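Keep in mind that what you see is a predicted model, and the values were worked out from it rather than measured. A, B, ... follow the sequence lines: proteins, then strands. Residue 1 opens every chain.
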Amino acid sequence: MKSEVVPMIKKLGSLLWYDQEESCLLCSAKSVEPICSGCREEYFQPRSSRCPSCGKLIGNLSERCKDCSSGIGPKTLDKVVSLGYYGGAWRDLICNVKYKGQPYLLLRLSDYMISCTVNNLPPPDAVVPIPMHPNKLAERGFNQTEVLASILSGKLGIQLRHYLIRTKDTAPQTSLGRNERIQNLRGVFQVKEGVKLKDKIIWLVDDVITTGATLGESAKILKENGVKEIYAFCLGAGKEE
Amino acid sequence: MLFYTLINDSGEVRFSPAPEVDKLLGNVTVLNLRLPLEVLWRNLEEIIHIKPSEIPTPLEELKSRIVNRLKPALEKEGNLNIEEFEWDTPDTNDKITNEKCRLVLGNERLFTDFIARVQGRQLAEGELTSLRGSMHCDEQTITVLMQKAVLTNHHVWVPAIRRIKGYWVCQRCGSIHCQEWTSIYGYAATCQECKSIGPLNSLQVLFRCQPLQNQNPQKVKHHTYPFDFSPSQKRAAEQLLELSQKDGVHEILVWAACGAGKTEVSFPAIRKYLSEGKRVLFAAPRQDVVHDVQLRLQRSFPDHMVKILSGAAAPDWEDSLLIVATTHQLLRFYRAFSLVVFDEMDAYPYAGNKILEFGLKQAIREDGRLIYLTATPSEELLKKFGQEDFPVIRLPLRYHGRPVPIPEWIEVNFPDKNLKNLELSDKPYFITLSKVLRELAQDGPLLVFVPTISLVPIWTEILKKVFSNKRVEGSWSSDPHRRTKVSSFLKGSCDVFICTSILERGITVNKVQVAVLFAHHEQYDIRSLVQMAGRTGRTSENPTGRAVFFAPRKTREMIRAIDWIREQNSIAKGGSFHEE
């Protein structure tokens, strides 16, 4: 009897105290926080600055990354912050969320997302996710940027607004170069009919920024429709070596 | 993958990711709305199961019944923008074109190749990329082939995770340990149990393939085995071969002493199955063991390709009669094997066992046999076996004919289970402990077990001080350097090795001496204690050794473990198993 009861209790226990809660999301080492201090150091690099134009991690020596200094970065965003360096285990986690049906993992990042945005960006009127094309959304069943935006919205009490729609099902940006990315996105986003954007301050939310083509293009459309300031938040960005 | 709802002329409702295929192979009408199969199954369950006599005529009524069920469900739970539910609208661009379908359906060779690759498997959507690569096909082609197989070969689509009586149940591993989340279709869930071989969620499907046909029996050259059976091994192997052919016997338990050579005992039965063209799976709990067993099998069956499956990598798509795999790989198969040899099933905790039982039921053919090999059968196995249909073969004598060393208990009053203070040299318990450990280390390499991962680095440091002139290493399951450290110990280039249960089973090290620290820890049950002690005296050159349990008191599990080994030894000694 005992031999059956004890494992049952253990099992119930593990369901209650969900066993993964105690280990780091990135390296599975024991950790009180969702991400252990070693991994935070490695991927969030708290002492490294971000390029204000594209969110890239740039160390402390320069003000902007090389691309943005030479004028090829996005120009329509007032400031971009990125939580971490899009590589290694941090990249794996983002891919697991997007491609392996695990959006709930993002909930465990909420504290990091909040300190990253609140400490670096001015308060907005609304938080706006980058939309996905309906076809892609139908396949995946969720939009990770909307999950991110709704976390920020819920925790900070900022309105979540779907101001943008995506009208074209484009090729994945990852397969393209910088110029092709900009080409690929031309005319992809539209502002929803009837929304009033004049003089608004907006936080745009995306999962990853690399060249900034997606965020830049959507910010351009929003500004053309009267938005005053646009700040962007993403989970991952590149790093300048 | 998303599915359309279809109705054929006789009012039968089914779902297809490529309705063009259904249209070409029969007359169907299609609802122009793609949804996850789980959503369709859940909402249209009654309609799918309507008796033929109760199908409403005209079919228009059936069509509107389907829409009337889906519409409110999606409006209530989901976040979808569906303007109209329409039947038989012209093709939209996301459907596979008629032309493409004709081309693929006409290619019989491609279809035969496809069936050969997938038969006996249970494919998750994540595995399709690798299948596409191996067949040099695009995504649409594979979808068409899959739907053709469903319509003509009785392959089936199953939602990967289903909501059954309020629980999400993974259809690959049977677990209810699923994480729920909100999708645009309403609630969805991702299985947390079988994530290690690729996460599955309820918006996805499994493609279950038809059972494998046995291959034609081939004349296999009778190679002799590259090892000698001991008399008791030979007797057990013959018994196992006979029972594995006997009608009415589906499961056999081989209960052997640690170090009895139970793996080889299964070889004659495996050989028999292979010679009949039947597929065999040898499943073992740990990767180290899988690689070791693969070598041994390959040497004994040189005419066959012995394949390895392990980890999260998708399987390759060539067929093979003999596969060695880590146990979770079972979940990738469906009615594929005539014989499954399951090594050390009790190495898993209770929950893990349930998953594997479920996986076994799916992977084995309906007429298949199952052989359990273990030194420490679980209570459940012992309860089940022993009757006529569940025979037990015992092999209590070690390969070399000498008894298993009986573990000793040495009283040591550990101050604190999670001790952090390394300054202990003056503590009385530590003097006893280090004295005994030094004695042990004089007789051979010393394997030190500790119950938790966090104790490994602590005791590695402590023992480095005790054995300042020896090579001391420590490792645990998630240690990134585990492989190299373990192999250095197995090769003899490390004298003292501290670890968790990772080396509890399956390994043989000449002259090894075993120390179990904190043997009273709840982590250690009778089975793990027996297994740890069973590492000693395994080789013919050095058939003796010491296993010492260090603990402040003798727990029930320790007493039972010592009794267990005594009993095995006395059965072995009791005449019939004794070797001249």
- Structural part of A:Leu137 lying under 4.5 Å from a heavy atom of chain B: both
- Hey, is CD on A:Glu224 packed in by over 12 heavy atoms from elsewhere, all under 6.0 Å? yes
- Sequence-distant partners of B:Asp525, salt bridge (Lys or Arg N to Asp or Glu O under 4.0 Å), two or more places apart: none
- Task: Kindly compute the distance separating CZ (A:Arg140) from CG (B:Leu2), expressed to the nearest 0.5 Å.
- Result: 12.5 Å
- Message: Counting neighbours of NZ on A:Lys98 that are heavy atoms of other residues, nucleotides or ligands and sit closer than 6.0 Å, is the number greater than 12?
- Response: yes
- Message: Can you tell me how far apart CG (B:Leu203) and CD (A:Glu139) are? Round to the nearest 0.5 Å.
- Response: 10.0 Å
- Residues B:Gln192 and A:Tyr104: closest non-hydrogen pair is NE2-OH, 2.8 Å
- Task: Answer yes or no: does atom NZ of A:Lys136 have more than 12 heavy-atom neighbours from other residues, nucleotides or ligands under 6.0 Å?
- Result: yes
- Query: What closest approach, in Å, do A:Gln102 and B:Thr190 show between heavy atoms, and which atom pair accounts for it?
  - Reply: CG-CG2, 4.0 Å
- Item | With sequence neighbours excluded, residues passing ring pair (Phe, Tyr, Trp, His ring centres under 6.0 Å) with A:Tyr163 | none
